Amino acid sequence: MTKEGHRLDPCDWEDFSKEFHGLLDACLERMREARQRPWQPKPDNMAETVCLDDAPLDLDKVFEKLTKDIMPYATGGTHPRFFGWVQGTGLPVSVAADLIASTMNSNCGGRDHGATKVEEAVINWIKNIAGFPESASGILTTGTSQATIIALSVARFKRFGSIIRQKGVAAIPQIRVYAAKGVHSCLGKALEVMGHGREALKLVEINEQGQMDLEKLKTALLEDEKQGIEPLAIVATAGSVNLGLYDPIEDLATLCERKNIWLHIDGAFGFWSRLADEPWRSLSHGIERASSIACDFHKWMFVPYDCGACLIREREIHKQTFSERPTYLAPQQAGLGGGDLWYCDYGIELSRGFRALKVWAALRFYGKKALGDVITDNCKQAAYMGKLVEASPHLTLAFPVISNVCCFKSNNGKAEDIAACLQLSGDVVFSTTIINNESCLRAAIVNHRTTREDIVQAIKALERCVI
């Protein structure tokens with residue numbers, strides 16, 4: 001019988017502990033066997049299997065459903081030959097940290113407690129990697145999509161002041177954000193959410209190297225200036241979605257400083273090349289001059305979903321953009337309501353999970369060098385894949401490999417059909433994209449489990465599919 005105050009905790013903690021340890025063993029086994037577990041399609045009747053009704057199940061049945069009916073049907077990003085999209089690959093130590101975070105159940109929106117200090121430590125670590133000053137600020141987010149909204153909102157507040165918070169976009173001139181063609185779709189979505197609409201985004205032509213064309217950008221700025229359109233920000237891509245390319249960040253920083261324009265870096269995965277060896281580390285040269293940076297830990301830093309970050313050079317402007325303290329959140333001089341760092345003052349969420357802990361655990365356990373070595377490995381693996389493609393009579397490289405992305409065409413068959421065939425066979429996951437108006441296969445290598453032999457096996461499987 002359950003009673004008030006005891007209705008939801010286990011009636012028998014020893015029995016719960018036994019079942020929980022079995023569940024933990026199943027999770028660890030899946031991680032240990034990640035190399036033998038490629039993506040597999042979910043069963044046709046899965047909707048029926050997971051359908052909810054009002055009848056509760058016994059604990060062992062719930063855990064059985066979790067491990068047998070749900071856990072096997074993930075996106076497959078943990079497998080070493082998952083190259084289709086830039087997806088996180090997971091870390092055992094971060095799984096352990098997530099367990100602790102769920103047990104603590106901290107609200108990281110504010111108040112004076114330990115989780116806040118852990119997030120602050122992570123933000124300080126990222127600032128150091130970016131080359132930002134100690135006075136800069138930052139916040140962990142769900143991902144780069146949310147970080148982009150935060151960064152552009154701060155840019156808007158700096159340009160137009162507090163009137164934007166009181167009267168909205170109707171009180172300010174028409175604005176423009178500039179980015180190279182092929183920029184991530186989250187940028188357009190951010191401008192929609194902020195009330196400016198997608199037309200506020202001007203896509204600048206790229207040059208032969210796939211980078212934003214500086215002369216075309218300057219022309220676009222002049223044209224908008226004549227029409228009275230305010231330049232809000234220039235967005236430099238560090239690691240483009242399709243090809244893993246980097247805009248000329250140093251040149252863009254110089255232009256932004258000269259014209260007093262906010263420079264934002266979309267570094268969702270490419271920011272982390274700063275941990276790699278040369279020549280890849282230099283791809284992001286100049287990023288330390290940016291006004292803001294968005295990046296993801298759940299991509300090329302391998303932590304479980306979800307965790308992104310937004311760095312802002314000017315802390316006070318960042319805080320003024322979002323700070324809102326109703327009476328029930330009024331600061332205290334002491335106690336739980338104290339503390340001088342409330343993350344709700346720096347973003348759009350009041351209720352925030354303790355996502356910093358899985359990042360902290362990864363950084364503390366592996367260290368910068370080990371993580372950087374994997375990122376370097378992935379870049380070398382992409383280059384090696386490019387060489388295998390060039391040596392194959394059945395494949396054609398679609399663009400030179402710059403970082404960790406390799407795109408190529410098959411001389412036989414449609415890219416979409418080939419990708420589906422290889423995914424369903426369990427051999428390898430590629431995605432598809434369009435390059436120079438042609439459909440291509442795309443490999444984005446962000447997996448700490450990938451080896452050179454995986455690259456060889458992936459190309460062999462591909463050749464078997466197209467011959």
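Please read these numbers as outputs of a predicted model, since none were measured by experiment.
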One thing to verify: whether [Y] and [X] come together as a salt bridge, which I'm taking to mean a side-chain N less than 4.0 angstrom from a carboxylate O.
| X | Y | result |
| --- | --- | --- |
| R352 | E119 | yes |
| E120 | K117 | yes |
| R289 | E257 | yes |
| E316 | K319 | no |
| D427 | R81 | no |
| K414 | D417 | no |
| K216 | E205 | no |

Quick one, S284 with F271, criterion side-chain contact (heavy atoms from CB on, under 4.5 Å). Give me CA distance, side-chain angles, the key distance, then yes/no. CA-CA 7 Å; S284 62; F271 172 77; over 6 Å; no
Is a donor on one side and an acceptor on the other found under 3.5 Å between the side chain of R281 and the backbone of A276?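 Checking the backbone N and O of A276 against the side chain of R281, a donor-acceptor pair under 3.5 Å is found.
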Can you list every ring-ring contact (aromatic ring centres under 6.0 Å, His included) pair that touches residues 211-244, not counting sequence neighbours?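 Every candidate ring-ring contact (aromatic ring centres under 6.0 Å, His included) pair involving residues 211-244 fails, so no pair, neighbours aside, qualifies.
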Pairs in or reaching into residues 384-439: which pass ring-ring contact (aromatic ring centres under 6.0 Å, His included), with residues at least two apart or in two chains?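 For residues 384-439, and leaving out neighbouring residues, the ring-ring contact (aromatic ring centres under 6.0 Å, His included) pairs sorted by first residue read F408-F430.
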Report yes or no: is the cationic atom of R442 (NZ for Lys, CZ for Arg) closer than 6.0 Å to the six-membered ring centre of F83, at no more than 45° off its axis?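 Geometry flag: not set, cation outside 6.0 Å or 45°.
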Cation-pi check, R325 onto W342 ring (under 6.0 Å, within 45° of axis):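 Yes, a cation-pi geometry holds between R325 and W342.
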Assess the side chains of Q457 and E453: does a donor N or O sit below 3.5 Å from an acceptor N or O?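 Distance-only check passes for Q457 and E453.
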Cut-off 3.5 Å, side chains only: do T321 and R165 have a donor facing an acceptor?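 No, because no side-chain N or O of T321 sits under 3.5 Å from a partner of the opposite role on R165.
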Evaluate the criterion side-chain contact (heavy atoms from CB on, under 4.5 Å) for residue pair K387 and M385; output intermediate values, then yes/no. CA-CA 5 Å; K387 291 180 180 178; M385 180 179 284; over 6 Å; no
Side chains of L191 and I175 in contact at under 4.5 Å (non-hydrogen atoms):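 In contact.
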Do L422 and V429 make a side-chain contact, defined as non-hydrogen atoms from C-beta onward lying under 4.5 Å apart?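 In short, these two side chains do not touch, never coming nearer than 4.5 Å.
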Minimum heavy-atom separation for [X] to [Y], with atom names?
| X | Y | result |
| --- | --- | --- |
| L263 | C256 | CB-SG, 3.8 Å |
| I445 | T450 | CG2-CG2, 4.3 Å |
| P304 | K358 | O-NZ, 3.2 Å |

Can you say whether the rings of F322 and H318 are parallel (under 30°), tilted (30 to 60°) or perpendicular (over 60°)?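 Plane angle over 60°, so perpendicular.
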Taking the six-membered ring for Trp and the single ring otherwise, decide whether the centroids of W272 and F297 are under 6.0 Å apart.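 Yes, close enough.
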